[in-house]
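Here the structure is a predicted model, which is why all the values come from computation and not from measurement. Chain A is the first sequence line, chain B the second, and so forth, proteins listed ahead of strands; every chain is numbered from 1.
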Amino acid sequence: MSSQSQPLSPSFSRPFEHALLEVAARPFPWGPGALLVVAFGLLPWLADDYWLNAILIPFLVLSLAGLGLNLLTGYTGQTSVGSAGFMAVGAFATYAFLLRVPALPLPLALLAGGAIAAGAGFVFGIPSKRIKGFYLMVTTLAAQFFLEWVFTKFPWFYNHASSGTISAPRLEVFGHDISGPGGRYVLTLSVVALLTWIAHNLVRGQVGRNWTAIRDMDTAAAVIGIEVDRYKRLAFAVSSFYLGIAGALWTFAYLGTASASSFDINRSFQILFIIIIGGMGSIAGNFIGAAFISLLPLFLSQAGQALLGSSVDPGQIQNLQKIIFGALIIAFLIKEPEGLARMLRRFAARLAVWPLRF
Amino acid sequence: MNAPQAADPILEVQDVSLSFKGVKAISGLSFVVRRGEICALIGPNGAGKSSLLNVLNGVYRPDSGELVFEGIHYRGITPLEAARRGIGRTFQNNALFKRMGVLDNVLSGLSRHARTGFFAQALGLPAARGEARAFRELAEHTLEFLELQAWRDTPVGSLAYGLQKRVELGRALIAGPRLLLLDEPMAGMNADEKREMSRFVTEINRSFGTTVVLIEHDIGVVMGLSAHVVVLDYGRKVGDGTPAEVKANPDVIAAYLGAVQQEGART
């Protein structure tokens with residue numbers, strides 16, 4: 001073969017100490033830093049057990065699941081309705097590792113569970129080489145039903161429990177018991193913070209650029225030298241890794257006990273709604289969408305009680321929720337496919353020039 | 001202007017034929033592109049110009065004949081392999097990533113040059129950050145060269161057509177190709193934009209020594225830009241030479257004006 005074509009200036013390697021100096025000189029990310037200080041330092045003390053258990057932990061896990069799906073759908077353009085299936089893989093795999101390899105610490109069991117889910121995602125991503133759009137979505141639907149069936153049908157996965165459920169054998173990290181609400185919150189927050197940082201690195205780098213190039217025009221991506229099939233499969237694997245860890249946290253840090261039906265198609269749709277409302281192709285959007293979807297029901301029941309008194313039927317409020325979500329999804333798909341994240345950005349941009357033009 | 005007879009050939013097209021379901025797109029075409037020249041392909045619509053570019057960078061595989069790029073013979077080649085060997089190209093209908101910004105579109109041209117792996121990028125290791133910085137610097141140079149800095153972060157889909165053409169040129173240019181294939185880089189442009197694009201093509205050719213093969217309909221632009229013109233009609237070569245030679249060639253005039261001696265008059 002002939003010589004490789006070279007970019008205009010091909011010198012990338014620099015001494016290691018330069019790199020260290022640069023890390024030290026990099027500007028401190030104040031925004032995310034402040035968020036982390038509040039989330040780690042203040043919230044565990046301010047929030048009561050109800051807030052930690054019922055709001056903050058599920059919010060964080062759903063954000064993580066949204067992030068996982070967003071990498072695949074928002075960044076790479078491959079729509080999936082099988083998210084919950086991959087969450088189930090992560091949950092049941094982590095359970096198997098915790099149960100059958102007792103020496104394995106919890107963080108490693110989570111990582112291993114995520115890796116198994118990534119493998120499942122990779123396998124179900126193989127058809128993306130030939131199938132596109134609507135038909136690919138149908139294969140993810142098949143994955144959803146297949147995986148749900150597997151974790152119901154084979155008792156090995158739930159250790160032959162008559163209830164068909166799994167629950168955490170132990171929750172401890174480096175000898176510390178973290179089974180209380182505060183401990184589970186800090187575990188979830190740490191995992192979510194770390195994985196969000198990694199996702200940020202990925203989407204800002206060449207991998208993310210390849211993904212968005214495939215999303216925008218896969219034929220052009222192939223012609224300029226992006227290995228389209230490989231990067232699609234990579235997106236499926238990474239997305240499922242995130243979803244798998246979210247599934248494990250959903251089981252062990254939030255629900256405590258779960259079965260295959262905790263990861264049914266409704267959960268998949270819920271995660272899809274999070275990224276539609278929050279914003280496709282945005283990392284912050286997952287958190288905004290998850291906050292919206294976890295807080296709206298709370299707000300509605302509070303508002304219902306305040307307005308109508310205790311006479312109102314909780315069942316009616318649940319129906320009302322569904323109607324509002326349905327209407328919102330249609331509105332977002334038509335008016336703002338990039339979701340709340342985009343709306344907030346535009347609002348901030350307007351505010352910055354506020355006296356001049358609003 | 002370059003002196004074609006002085007330089008060695010960078011690309012030879014040897015008796016190449018291509019057909020789609022029995023319809024001949026290119027038949028028995030041969031010509032030579034010399035290193036460092038700007039070669040223009042002209043001809044009426046449907047003459048096989050775009051098909052030829054698609055053969056050159058491996059989108060289509062010719063039925064017969066051979067291509068020689070930098071001394072290496074090939075026929076079936078993938079677009080990826082063509083890009084690796086140093087053949088860059090742009091498309092007639094822009095093939096850009098519409099929702100990505102100008103800078104990201106240009107950077108995507110460097111994808112196949114990335115050497116850091118997935119985990120290095122995921123964990124933000126120094127090697128990945130160093131490469132990202134080097135790529136970014138290259139991209140800034142490219143934007144500066146093509147005077148695109150003002151639109152660095154603008155989504156490409158919202159740019160004017162002429163600017164999009166320039167972004168696509170930047171995406172091909174950043175990888176440092178030795179042969180640049182431009183499919184109608186000035187289509188749909190007004191006179192000012194055409195002049196500007198001609199200037200960029202000339203500057204690329206001069207500053208980087210990049211050989212350029214371009215398709216263009218505007219004869220005036222072609223005559224000012226290139227020293228070598230190949231004329232196609234119905235997939236055959238009807239003219240090959242300097243602009244002056246081609247202009248005087250009766251077959252070329254017939255192809256363009258539809259002379260009476262040719263059967264099957266065209267509109």
Among [options], which residue forms the greatest number of heavy-atom pairs with chain A at distances under 4.5 Å?
options	result
R89(B), K98(B), R99(B)	R99(B)
P79(B), A128(B), A122(B)	A122(B)
F91(B), F118(B), Y74(B)	F118(B)

Charged N to carboxylate O under 4.0 angstrom, R209(A) versus D104(B)?
yes
Sub-4.5 Å side-chain heavy-atom contact between [X] and [Y]:
X	Y	answer
L80(B)	E227(A)	yes
N201(A)	Q121(B)	no
R215(A)	F97(B)	no

What's the shortest heavy-atom distance between A220(A) and A95(B), and which atoms?
CB-O, 3.4 Å
Part of N105(B) lying under 4.5 Å from any heavy atom of chain A
neither
Is chain A contacted by the side chain of A114(B), its backbone, both, or neither, given a heavy-atom distance below 4.5 Å?
side chain
What distance separates D216(A) CG from S108(B) OG, expressed to the nearest 0.5 Å?
10.0 Å
Output the distance between atom CE (M100(B)) and atom CE (M217(A)), rounded to the nearest 0.5 Å.
13.0 Å
Interface moiety of L194(A) toward chain B, non-hydrogen atoms closer than 4.5 Å:
neither
Using heavy-atom distances under 4.5 Å, tell me whether V203(A) contacts chain B through its side chain, its backbone, both, or neither.
neither
Pick from A221(A), G205(A), G208(A): which one has the most heavy-atom pairs with chain B under 4.5 Å?
A221(A)
One option among A213(A), A199(A), A222(A) has the most heavy-atom pairs under 4.5 Å with chain B, and it is A213(A)
With S111(B) as partner, the option from I226(A), I224(A), V207(A) fulfilling side-chain contact (heavy atoms from CB on, under 4.5 Å) is I226(A)
For R204(A), does the CZ atom sit with more than 12 other heavy atoms under 6.0 Å from it, leaving out its own atoms?
no
Does atom CZ of F119(B) have more than 12 heavy-atom neighbours from other groups under 6.0 Å away?
no
